[in-house]
Amino acid sequence: MDVSELIDGLNEKQREAVAAPLSNMLVLAGAGSGKTRVLVHRIAWLMQVEHASAYSIFAVTFTNKAAKEMRTRVEETLRSPVGGMWIGTFHGLSHRILRAHHREAKLPEAFQILDSDDQVRMIRRLLKAMNIDEKKWPAKQIAWYISARKDEGQRPKDIQAYDVNEQLLLRVYTAYQDACDRAGLVDFAEILLRCYELLCQQPTLLRHYQQRFRHMLVDEFQDTNSIQYQWLKLLAGNENNMMIVGDDDQSIYGWRGAKVENIKRFLDDFSAQTIRLEQNYRSTAIILKASNALIQNNAERMGKSLWTEGDQGEPISIYAAFNELDESRFVVSKIRSWLNSGNALQDCAILYRNNAQSRVLEEALLQEGLKYRIYGGMRFFERQEIKDALAYLRLISNRQDDAAFERVINTPARGIGDKTLSHIRDCARNESMPLWYAAKAVLEQKHLAGRAATAIARFIELVEQLDDKITELELSEQAKTTIEGSGLMAMYQAEKGEKGRARVENLEELISACGQYELPIDEDFSSPLQGFLAYTSLESGEGQADEHEDAVQMMTLHSAKGLEFPLVFMVGVEEGMFPSQQSHEESGRLEEERRLCYVGMTRAMDKLYISHAESRRLYGQEKHHSPSRFLRELPEECIEEIRIKTQVSRPVNSGRFSASVTHAAFEDSGYNLGERVLHAKFGAGTVLNYEGSGAQSRIQVNFDDVGSKWLVTAYARLQSL
DNA sequence: TGTCGCCATATTTTT
DNA sequence: TATGGCGACA
């Protein structure tokens with residue numbers, strides 16, 4: 001392969017990064033500046049020019065998707081599959097190390113991963129056992145606390161509890177950790193922390209990995225938390241080279257422990273040089289100008305300004321909607337015209353601050369007959385029926401797994417009630433043994449009523465029989481046998497309605513997913529089932545159907561990071577929504593919101609619409625929000641305001657009056673709402689409410705003829721009356 | 001064991 | 001406003 005291929009077609013800065021001599025390096029990569037390209041080409045460069053072996057390369061990302069993309073693109077660039085190269089997520093790679101050295105990490109061979117939902121359930125059980133009021137101490141909050149501590153690398157012994165509240169949290173943390181350790185379970189944060197501790201405590205092991213991974217690359221570095229930073233630093237040792245790629249302006253995960261400061265820390269700790277990628281290949285000049293202007297209002301920045309050789313493009317349109325319904329209709333009508341001009345639905349995205357905002361939009365899209373796809377939400381492997389099935393498989397492969405035991409002991413219902421169960425739990429606690437063995441013990445002690453005893457005996461027999469039956473089978477047969485043998489399939493088949501049908505389908509899908517699963521040859525799994533179980537926890541089931549259907553893409557601003565769309569709508573850009581109400585309280589949160597806005601804007605390639613509603617129904621109450629401060633931070637020359645202006649025929653305080661409406665989008669024939677409103681001329685409306693005076697007055701008007709319940713809050717320009 | 005009604009609750013999410 | 005969790009009840 002000709003090496004020049006690797007740097008041809010790159011801009012100067014990209015080339016500088018790709019072809020840099022072996023060293024520590026920060027690539028400060030702005031949105032749309034081709035950072036993945038740089039990473040991929042750098043890997044190829046290391047192999048081709050520096051003659052690095054695939055074996056010596058270690059590349060870390062945050063999501064499976066990013067890891068997968070990187071691997072594919074490296075292989076495409078090198079035109080050959082690369083084995084031996086470690087490309088994966090922080091969790092995936094840590095987990096891999098833990099599997100390989102489970103003994104040293106003091107984990108059972110069949111250790112399993114607890115997802116956030118399992119974690120909360122586990123804590124909920126502990127709280128009950130510890131007699132802690134769940135009302136006062138929600139399990140979710142405690143789970144959050146524990147994960148946060150682990151993200152900081154803190155074990156219970158490292159924590160000083162100064163007040164009673166923290167003492168309680170600490171007690172639960174301790175109990176929780178104890179329970180996990182005994183059951184052979186690790187939560188997500190534990191994977192990282194455990195791996196870090198393992199490497200700290202096993203110098204030989206650490207040296208082995210350090211000597212292997214000569215070339216480390218890290219993506220989205222601004223999202224690393226404390227333990228991830230420590231882990232990387234440990235693996236890097238003194239000799240290895242690390243290239244980190246990130247963008248401080250796109251740091252939007254501070255609230256879950258990400259530390260932007262890690263970038264600066266890296267520069268110090270690794271005496272690295274910085275390369276800035278500022279040329280943008282995605283957006284129009286206007287969008288970039290506005291984004292640059294916005295982000296400049298943040299104080300703590302490394303400094304970066306995006307530019308493009310491309311066109312100016314259209315101004316950013318800002319629509320002031322009456323309310324969220326009007327906002328949705330506006331968005332939908334613009335999408336309709338986009339579609340009518342021969343564009344694809346999937347090239348257009350609606351971005352919002354929180355998930356609840358999607359509802360009104362969905363309804364409007366549905367009404368217009370436009371297909372949409374919502375990102376996020378329940379993932380395949382997180383669904384109830386799937387987790388039930390997996391819990392059986394987990395219990396079969398590890399009898400100590402209390403979380404799995406609790407989940408399936410009475411699913412499907414087999415007459416094991418709370419009483420019997422608490423009996424077992426008590427026994428387990430007193431004897432400090434896993435629930436499974438406690439159940440057996442209780443049975444032997446014959447403390448139970450006949451019926452309960454039979455039920456438990458049957459359950460134990462069931463699991464043991466399944467275990468016997470499936471050991472020799474192929475993975476998908478194992479799943480099938482378990483799902484059917486456990487009675488889960490029958491249970492969900494009996495469930496009425498659409499839901500039940502979908503669940504049965506999902507279970508079947510699970511069986512087929514087992515069939516498609518390939519056990520990674522270079523990882524240390526004792527069986528395909530082990531591998532599959534880990535896979536289901538670490539990879540929550542992306543790549544479901546309908547992904548490629550032509551549909552409007554809907555997602556939160558957070559999940560939009562890394563994506564791009566020709567047409568983008570950002571909705572609900574109002575004070576109190578975005579920036580969100582709660583971001584006013586903590587320091588630094590406002591800047592993070594601004595970065596989020598920056599992320600959103602820079603998703604747009606050609607056209608960006610931003611909308612805000614003057615009134616919005618929120619938690620059952622009508623709320624009035626002013627336009628977001630972020631809008632004021634956009635340069636005037638970059639924006640075009642679309643606003644329905646109401647002119648009232650005569651000053652009124654109440655009663656009927658007539659109003660005429662002018663609309664900036666009048667010329668746009670595709671704008672249904674505008675047309676409708678205009679043609680209706682708002683003949684007569686009833687004033688419902690009147691407040692203030694002068695230019696700031698507001699009237700609330702009901703126009704019966706425009707639609708049933710259409711409530712309009714319009715700014716009356718009294719001076720023009 | 002399932003259902004009803006009451007109550008609190010109400011960002012952002014990947015692994 | 002809607003939703004989900006929980007206790008009470010049949």
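Chain letters run A, B, ... following the sequence lines, proteins first and then strands; every chain starts at 1.
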Compare side-chain N and O positions of [X] against OP1 and OP2 of [N] and report whether any pair is under 4.0 Å apart.
{"X": "A/T556", "N": "B/dT11", "answer": "no"}
{"X": "A/Y619", "N": "B/dT11", "answer": "yes"}
{"X": "A/N355", "N": "B/dT13", "answer": "yes"}
{"X": "A/N64", "N": "B/dT15", "answer": "yes"}
{"X": "A/R589", "N": "B/dT11", "answer": "no"}

Candidates [options] - which lies nearest the side chain of [X]:
{"X": "A/T63", "options": "B/dT11, B/dT13, B/dT15", "answer": "B/dT15"}
{"X": "A/H91", "options": "B/dT13, B/dT15, B/dT11", "answer": "B/dT15"}
{"X": "A/S580", "options": "B/dT11, B/dT1, B/dT13", "answer": "B/dT11"}
{"X": "A/T89", "options": "B/dT13, B/dT11, B/dT15", "answer": "B/dT15"}
{"X": "A/R353", "options": "B/dT11, B/dT13, B/dT15", "answer": "B/dT11"}
{"X": "A/N410", "options": "B/dT15, B/dT12, B/dT1", "answer": "B/dT1"}

Requested in this report: May I ask you to decide whether A/E406 forms a salt bridge with A/R121, counting only side-chain N to carboxylate O separations under 4.0 Å?
Outcome: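 Looking at A/R121 together with A/E406, the answer is no, because their closest N to O distance does not fall below 4.0 Å.
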
Query raised in the report: So, are A/E324 and A/R617 salt-bridged, with charged N and O less than 4.0 Å apart?
Result: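 No salt bridge links A/E324 with A/R617.
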
Rounded to whole angstrom units, what separation is found between the [atom1] atom of [X] and the [atom2] atom of [N]?
{"X": "A/K68", "N": "B/dT15", "atom1": "NZ", "atom2": "P", "answer": "12 Å"}
{"X": "A/D187", "N": "B/dT13", "atom1": "CG", "atom2": "C1'", "answer": "16 Å"}
{"X": "A/F380", "N": "B/dT15", "atom1": "CZ", "atom2": "P", "answer": "16 Å"}
{"X": "A/W144", "N": "B/dT11", "atom1": "CH2", "atom2": "P", "answer": "12 Å"}
{"X": "A/L114", "N": "B/dT15", "atom1": "CG", "atom2": "P", "answer": "17 Å"}
{"X": "A/R616", "N": "B/dT11", "atom1": "CZ", "atom2": "C1'", "answer": "14 Å"}
{"X": "A/N225", "N": "B/dT13", "atom1": "CG", "atom2": "C1'", "answer": "13 Å"}
{"X": "A/L192", "N": "B/dT15", "atom1": "CG", "atom2": "P", "answer": "12 Å"}

**Report entry** Centroid separation A/F58 to A/W231 less than 6.0 Å
**Finding:** yes

Requested in this report: Would you please indicate yes or no on a ring centroid separation below 6.0 angstrom for A/H558 and A/Y375?
Outcome: no

Query - Passing candidate, side chain to side chain donor-acceptor pair (under 3.5 Å) with A/H625, options A/E574, A/R616, A/H612 - result: A/E574

Query raised in the report: Start at the 5' end of DNA chain B and walk down; is the nucleotide closest to A/E382 or to A/H558 reached first?
Result: A/H558

Report task. Take A/R414 and A/Q582, find for each the nucleotide of DNA chain B with the closest heavy atom, and name the residue whose nucleotide sits nearer the 5' end. Result -> A/R414

Do the side chain of [X] and the base of [N] come within less than 3.5 angstrom through a donor-acceptor pair of N or O atoms?
{"X": "A/R256", "N": "B/dT11", "value": "no"}
{"X": "A/R617", "N": "C/dT1", "value": "no"}
{"X": "A/S116", "N": "B/dT15", "value": "yes"}

Report summary line: Given the 90°-from-0 boundary between syn and anti, B/dT11 should be labelled syn

Does either side chain, that of [X] or that of [Y], offer a donor lying less than 3.5 Å from an acceptor on the other one?
{"X": "A/Y229", "Y": "A/E261", "value": "no"}
{"X": "A/T411", "Y": "A/D388", "value": "no"}
{"X": "A/Y598", "Y": "A/N298", "value": "no"}
{"X": "A/Q230", "Y": "A/Q228", "value": "no"}

Requested in this report: Sugar-phosphate atoms are those with a prime plus P, OP1 and OP2; base atoms are the rest. Using that split, label each nucleotide of nucleotides 2-10 of chain C B, S or - for protein heavy atoms under 4.0 Å, 5' to 3'.
Outcome: SS-------

Query - Pi stacking test for A/W255 and B/dT11: under 5.5 Å apart, planes under 30° - result: no

How is [X] classified with respect to the nucleic acid when contacts are heavy atoms under 4.0 Å: base, sugar-phosphate, or nothing?
{"X": "A/G415", "value": "sugar-phosphate"}
{"X": "A/E593", "value": "base"}
{"X": "A/F90", "value": "nothing"}

Report task. Write down the distance separating the C1' atoms in C/dT3 and B/dT14, rounded off to the nearest Å. Result -> 24 Å

